[in-house]
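Worksheet: the structure to be examined is printed underneath.
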Amino acid sequence: MGVSDTSFIKSIFKFSISSWVNFFISILSVIITTRIFSPEMYGSINMYNSASSLFMGIICLGLDSGFLRFYNEPPKGYDEKQLMAKCMSLPVLFLLGIIVFVVPFFYKDISVLLFGKVSLLAVILLFINTMSLAILNFFSIAYRISNDARRYTIQSILVQFFTKIFVITAALFNPKLETVIIFNTIGVFVLSIIYFKIQKKSVLPSKINWSMQGFSEVFKYAIFSWPTVILIYLNSFFPQMIIKNNLGDYELGIYSSTAFFVGALGVVLNGFKTYWASFMYANYKTERSKIIKIHDYVVLLVVFILSFFIVFQNLLYGLIGIKFHQSRYFFTLVLVYPLFNLISETTSYGISIAKKSQTTLGIFLLSTAVNLVFGCIFVNCFGTVGVAIASMLSAFVQLVISTIIGQKYYRTIKDPRRTFISILLILVLACSNYFFAEEYIFELFVVFILNAIIIIGYRQELSDIISLSTAFINKYKRPKV
């Protein structure tokens, strides 16, 4: 029996609850931190968090991707708990090896590269933060792939609460970089320990199978996926490093303030992306027609979301400290990357289904190279805006190539020409905000025209969305007393 439309929407909604709660936590955080922290401080904190995510991608060895891919098809001799235990324990051991054999010799280089000064404490905190995030990441994957929305939601909210509240506390107590990262790291570390102690019985076995027999297929897939995961994090890390090294921490802070809008975007996107991975792997053989429809719905949704941010940008920037308002000229260029990633979720899964990890690696390698090369060129010509343009071009290259190859293995697009034209219109929409930032009325006219074109092209899909939404609301609304 297939997955009904209302059941699909309900599952997305369940996995979106944490995103909405996290959004309100982020609003509180950004209102306070962008008024207390200088752009230089804000940029350094964002660099610390970005580096933590990058190192998490490195130490995981691609096993987080392997766990996600083989959860529904575990190798012989493994169940879900044994698979998670093996996939999570190896990265922790790898990190301990790095701390023992690498940090004592290279901590000065790492510290200067990331923070502009030598600080053994900052590097130690960085790796503690990395390990904590890795542990929580595996728990999160286990909950979402098993469709356990309740536990996923609780963990996601707690992670945001601990990190944001601890940072806000540090900001009010002593707004210095060392104090902030200490508070931030303590919050995540304490949460990971508590979570591991409380939840380990529900997702981990009583005894770990350390034998590699039967695990080779998972490990092979993981190793081929590993560079791809690193490249994904590098694609977010490189723009910050380019700005830091060429323009300084102040401009890095301005660029980093766009993370608030990426986070706000996550309210809409994360619930879908979280559920979509498990849905695709479990249903790609039986639900192709539904998957094709969802692609069209996603393209339409992306246009509406970007339009919303452009139309209400003045209201949204009222939440951010005035020192960061320069990012208003290029924030839509930065938003293209997560928006195109969302579209790619519905066009490129054929590559993963066919287990072509090397193909994914090549795509992300090219995308990252575009980001790095054009970022280094454009930063000298256009400053921070140039780095945002490079990020947008990188997202475009990644989407187009992954879509072309993904469709070869698993067809999800009904009308390729319509999809490609829509992608170009999204780029025009994002660029219009930069060119007409000081001419709001004219910008609204551009938004109106582009949305009219999209609505005409997707009029049937828009009608379907309205009908599905109405049916979903009518089914779950409370009956009148």
Side-chain angles (χ1 to χ4, degrees), residues 49-71 83 86-98 101-102 106 109-110 113-114 126-127 130-131 133-134 137-138 140-141 212 215-242 273 277 281 337-338 340-341 344-345 347-376 390-391 393-406 408-409:
N49 291 326
S50 181
S52 296
S53 298
L54 173 60
F55 281 116
M56 182 188 73
I58 293 173
I59 69 156
C60 280
L61 300 169
L63 288 166
D64 47 350
S65 299
F67 176 53
L68 180 64
R69 175 65 184 88
F70 287 92
Y71 182 90
L83 184 63
K86 181 67 71 67
C87 290
M88 184 169 68
S89 57
L90 291 178
V92 173
L93 293 174
F94 182 48
L95 176 61
L96 293 176
I98 292 176
F101 297 107
V102 176
F106 297 101
D109 302 287
I110 296 172
L113 176 67
L114 298 177
L126 176 67
F127 282 104
T130 297
M131 182 175 67
L133 291 174
N137 181 44
F138 276 101
S140 176
I141 293 173
M212 294 299 289
F215 192 73
S216 58
E217 185 181 9
V218 179
F219 193 73
K220 181 180 178 181
Y221 179 88
I223 289 299
F224 276 109
S225 301
W226 185 30
T228 302
V229 175
I230 295 174
L231 288 171
I232 291 172
Y233 287 114
L234 282 175
N235 234 350
S236 299
F237 183 74
F238 276 150
Q240 298 178 59
M241 284 302 302
I242 292 171
K273 294 177 70 174
Y281 286 131
Y337 192 87
F340 275 4
N341 275 344
S344 179
E345 289 280 321
T347 63
S348 63
Y349 254 95
I351 301 172
S352 297
I353 291 171
K355 301 179 182 179
K356 300 292 184 180
S357 301
Q358 63 275 21
T359 301
T360 304
L361 172 60
I363 294 170
F364 277 96
L365 185 62
L366 178 60
S367 172
T368 304
V370 169
N371 201 359
L372 178 61
V373 172
F374 283 95
C376 291
S391 175
L393 291 176
S394 170
F396 176 73
V397 169
Q398 178 183 316
L399 173 60
V400 171
I401 297 178
S402 64
T403 296
I404 292 173
I405 299 176
K408 175 184 175 183
Y409 296 110

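- The side chain to side chain contact (heavy atoms under 4.5 Å, CB included) test applied to V373 returns I377, not counting sequence neighbours.
- Test F219, F70, F67 against C87 for side-chain contact (heavy atoms from CB on, under 4.5 Å) and you get one pass: F67.
- In this structure, the side chains of L114 and F237 come closer than 4.5 Å at one or more pairs of heavy atoms.
- With contacts defined as side-chain heavy-atom distances shorter than 4.5 Å, the pair V229/S65 qualifies.
- When side chains are defined from C-beta on, Q398 does not count as touching V370, because their heavy atoms never get closer than 4.5 Å.
- For the atom pair CG (L54) and CD1 (I59), the distance works out to 11.0 Å, reported to the nearest 0.5 Å.
- Smallest separation of non-hydrogen atoms from S52 and L126: OG-CD1, 3.3 Å.
- Remark: F224 CZ is loosely packed, at most 12 non-hydrogen atoms of other residues, nucleotides or ligands lying under 6.0 Å away.
- Note that CE of M241 and OG of S236 are 14.0 Å apart. Values are rounded to the nearest 0.5 Å.
- Annotation for F364: atom CZ counts as buried by contact number, over 12 foreign heavy atoms lying within 6.0 Å.
- Crowding of F94 atom CZ: a count of heavy atoms from other residues, nucleotides or ligands under 6.0 Å exceeding 12.
- Once rounded to the nearest 0.5 Å, the distance linking CG of L133 with CZ of F138 reads 12.5 Å.
- Annotation: the span from L361 atom CG to I351 atom CD1 amounts to 11.5 Å, rounded to 0.5 Å.
- You'll find the side chain of V400 reaches within 4.5 Å of the side chain of I404, heavy atoms only.
- Side-chain atoms of F55 and I98, non-hydrogen and from C-beta on, never get closer than 4.5 Å to each other.
- The shortest side-chain heavy-atom distance between L399 and T347 falls under the 4.5 Å cut-off.
- Expressed to the nearest 0.5 Å, how far CZ of F127 lies from CG of L95 amounts to 7.0 Å.
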Do F215 and L83 pass the side-chain contact (heavy atoms from CB on, under 4.5 Å) test, and can you show the C-alpha distance, the side-chain angles, and the key distance before you say yes or no?
CA-CA 8 Å; F215 192 73; L83 184 63; 4.0 Å; yes
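- Closest of all the heavy-atom pairs between S50 and Q240 is OG-NE2, 3.1 Å.
- Annotation for P239 and N371: closest pair CG-ND2, 3.8 Å, computed over non-hydrogen atoms.
- For S344, the side-chain hydrogen bond (donor to acceptor under 3.5 Å, both in side chains) partners at least two apart in sequence or on another chain are S348, S402.
- Put simply, the side chain of L90 reaches to within 4.5 Å of the side chain of K86, judged on heavy atoms.
- Among all heavy-atom pairs drawn from W226 and G62, the shortest one is CD1-N, 3.4 Å.
- A distance of 6.5 Å separates CG in L63 from CD1 in I223, rounded to the nearest 0.5 Å.
- Contact annotation: the side chain of S394 never approaches that of T368 to less than 4.5 Å [non-hydrogen atoms, C-beta and beyond].
- Between the side chain of S367 and the main chain of I363, no donor-acceptor pair closer than 3.5 Å is present.
- Taking the side-chain hydrogen bond (donor to acceptor under 3.5 Å, both in side chains) definition, one finds that E345 meets it with nothing, sequence neighbours left out.
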Verdict with reasoning, I405 to T360, per side-chain contact (heavy atoms from CB on, under 4.5 Å)
CA-CA 9 Å; I405 299 176; T360 304; over 6 Å; no
